[in-house]
Amino acid sequence: MIEVRGLTKAYGENVAVQDLSFSVREGETFGLLGPNGAGKTTTIRILACIIPPDSGKIVVNGYNVVEDPLLVKAGVGLLPERISLYERLTVMENLLFFARLYGVEEPALRIKELLNKLEIQDRADELVSKLSKGLKQRVSIVRALLHDPPVLLLDEPTSGLDPISAEVMRSLVRDLSTQGRTILLSSHNLWEVQQLCNRVAVINTRLLALGSVDELSEKFLGPPKVRLLLEEVRKEVLEAIQSVNSVITVERRDKEILIGVKDPEKAVPVISEAAIRAGGRILEVSVVRPGLEELFVRVLKDEMGQDSSGG
């Protein structure tokens with residue numbers, strides 16, 4: 001649905017994106033992560049045909065962003081980082097204007113349908129300037145959905161929102177995903193990305209890592225771990241755990257044992273049984289998975305290490 005190959009964009013001497021490549025599958029929610037200035041917004045603006053790439057091949061919904069920008073725009077809904085609505089117009093006036101630009105049939109009916117879905121139908125006649133940021137963000141989502149696009153580009157959709165408005169936005173993204181839409185989501189909220197996205201790309205002008213959170217966690221942080229808290233850690237128990245086929249690493253911390261495994265859910269009953277047979281008394285068992293924040297920091301640190309070692 002989205003194919004990016006060798007994307008490069010510079011503003012004078014400042015390289016915003018360098019030889020970036022990734023793809024987003026149809027119906028996937030894909031996270032774009034990176035520090036400030038990493039090129040996330042530039043990438044989204046190129047995908048939305050707002051700015052042209054300097055080089056590279058970028059295809060969205062089957063159309064090339066350079067060769068067929070109008071066809072790309074017809075199939076893309078954009079939620080920009082900065083809210084882009086006319087403050088002196090009402091919500092309905094704004095949406096009617098954009099619906100006509102997209103050639104939406106029966107625009108008033110479509111707008112009312114979306115306003116009801118986002119529970120802001122009672123704000124239709126209010127000036128946009130009078131709305132809170134959370135409500136403006138909901139109106140912006142309606143704008144992005146007016147022409148029923150198969151692809152959505154969401155740039156920091158919950159940035160600056162209060163917790164209730166942010167959860168409304170996340171719930172909407174989940175609903176849109178279940179409808180089969182292809183969603184590219186840029187966010188600084190790592191927990192949010194972990195909750196919403198099937199795969200993520202970590203970028204810092206160029207691609208640093210790509211995959212599911214579990215895949216990247218194992219690659220950069222090692223395998224997930226089973227944590228056993230025992231009444232007493234004896235040699236026989238450690239040896240029994242180490243003998244389990246699926247066990248990769250065993251680390252002891254006083255009465256706690258951290259066991260690296262490929263598939264923790266399947267490994268837990270086997271490891272527990274081995275420990276009990278060896279005379280161990282288990283007080284607590286759990287699965288420990290690294291968070292996306294820890295992964296993000298590790299990927300960036302690895303890149304900094306490579307850059308410094310490279311001279």
Side-chain angles (χ1 to χ4, degrees), residues 1-25 28-60 64-66 72 76 78-82 151-159 173 177 182-221 290-310:
M1 206 52 138
I2 298 176
E3 291 286 340
V4 177
R5 293 288 174 262
L7 170 59
T8 296
K9 180 68 179 180
Y11 301 97
E13 296 182 356
N14 179 31
V15 178
V17 184
Q18 182 177 2
D19 195 25
L20 179 63
S21 297
F22 64 89
S23 62
V24 183
R25 303 161 186 156
E28 181 178 34
T29 300
F30 186 92
L32 201 58
L33 300 177
N36 291 332
K40 302 186 300 297
T41 294
T42 293
T43 300
I44 286 177
R45 286 169 65 84
I46 290 170
L47 292 172
C49 301
I50 295 173
I51 57 175
D54 291 339
S55 62
K57 182 179 180 181
I58 302 94
V59 176
V60 180
N64 188 293
V65 300
V66 174
V72 171
V76 166
L78 172 66
L79 179 67
E81 182 180 12
R82 295 182 179 179
V151 177
L152 289 172
L153 306 174
L154 310 179
D155 195 0
E156 300 287 347
T158 61
S159 176
V173 172
S177 178
T182 302
I183 302 172
L184 188 146
L185 168 70
S186 166
S187 178
H188 281 103
N189 187 328
L190 302 183
W191 176 85
E192 176 176 273
V193 171
Q194 192 161 8
Q195 295 297 307
L196 297 175
C197 297
N198 306 107
R199 293 187 303 141
V200 299
V202 183
I203 69 172
N204 194 9
T205 70
R206 58 189 176 87
L207 181 68
L208 304 182
L210 174 65
S212 70
V213 174
D214 286 347
E215 290 169 348
L216 295 181
S217 292
E218 184 165 344
K219 178 179 178 180
F220 288 93
L221 300 172
L292 189 54
E293 184 172 353
E294 185 181 352
L295 170 62
F296 181 71
V297 171
R298 177 59 180 272
V299 171
L300 291 179
K301 281 185 176 180
D302 281 3
E303 184 215 11
M304 291 172 63
Q306 288 174 6
D307 287 347
S308 62
S309 64

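In this text, all values refer to a predicted model and were calculated from it rather than measured experimentally.
- With rounding to the nearest 0.5 Å, the separation of CG in L154 from CG in L196 is 9.5 Å.
- To the nearest 0.5 Å, the span separating CD on Q194 from CG on L292 amounts to 5.0 Å.
- Looking at heavy atoms from C-beta onward, I203 lies out of side-chain contact with V17 at the 4.5 angstrom threshold.
- Distance check, rounded to the nearest 0.5 Å: CZ of F296 to CG of L216 gives 12.5 Å.
- Looking at P35 and N204, their side chains come closer than 4.5 Å, going by heavy atoms from C-beta outward.
- Within the structure, ring pair (Phe, Tyr, Trp, His ring centres under 6.0 Å) pairs that include any residue of residues 4-23 comprise F22-F30 (at least two apart or interchain).
- A side chain to side chain contact (heavy atoms under 4.5 Å, CB included) with V76 is found for one member of T182, L47, V151 and no other, namely V151.
- How far OG1 of T8 is from CD1 of I46: 9.0 Å, rounded to the nearest 0.5 Å.
- Side-chain atoms of D155 do not come within 3.5 Å of backbone N or O of T41 as any donor-acceptor pair.
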Inset, instruction - Show your reasoning for whether side-chain contact (heavy atoms from CB on, under 4.5 Å) applies to T42 and K40. - result: CA-CA 5 Å; T42 293; K40 302 186 300 297; over 6 Å; no
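- No side-chain heavy atom of T43 sits under 4.5 Å from any side-chain heavy atom of K9.
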Inset, instruction - Mind running side-chain contact (heavy atoms from CB on, under 4.5 Å) on I50 and L78 for me, showing each step along the way? - result: CA-CA 10 Å; I50 295 173; L78 172 66; 3.4 Å; yes
Legend entry - Residue pair S23, R5: steps toward the side-chain contact (heavy atoms from CB on, under 4.5 Å) verdict: CA-CA 8 Å; S23 62; R5 293 288 174 262; 4.1 Å; yes
Inset, instruction - In sequence, state the C-alpha distance, the side-chain angles, and the governing distance for L152 and L79, and then conclude on side-chain contact (heavy atoms from CB on, under 4.5 Å). - result: CA-CA 8 Å; L152 289 172; L79 179 67; over 6 Å; no
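- Taking 4.5 Å as the limit, some side-chain heavy atom of L221 sits within range of a side-chain heavy atom of L295.
- Here Q18 contributes atom CD and L7 contributes atom CG; the two are 11.0 Å apart, rounded to the nearest 0.5 Å.
- The distance from atom CD1 of I183 to atom CD1 of I2, rounded to the nearest 0.5 Å, is 10.0 Å.
- The shortest distance between side-chain heavy atoms of E3 and K57 does not fall below 4.5 Å.
- Summarising the geometry of G6 relative to S21, their closest heavy-atom pair is N-OG, 2.8 Å, with the distance given to 0.1 Å.
- D54 approaches A10 most closely through the heavy-atom pair OD2-N, 2.8 Å.
- Other residues, nucleotides and ligands contribute only 12 or fewer heavy atoms inside 6.0 Å of the CD atom of E293.
- Across F220 and L208, no two heavy atoms sit closer than the pair CZ-O, 4.3 Å.
- The side-chain heavy atoms of L33 and V193, taken from C-beta on, include a pair separated by under 4.5 Å.
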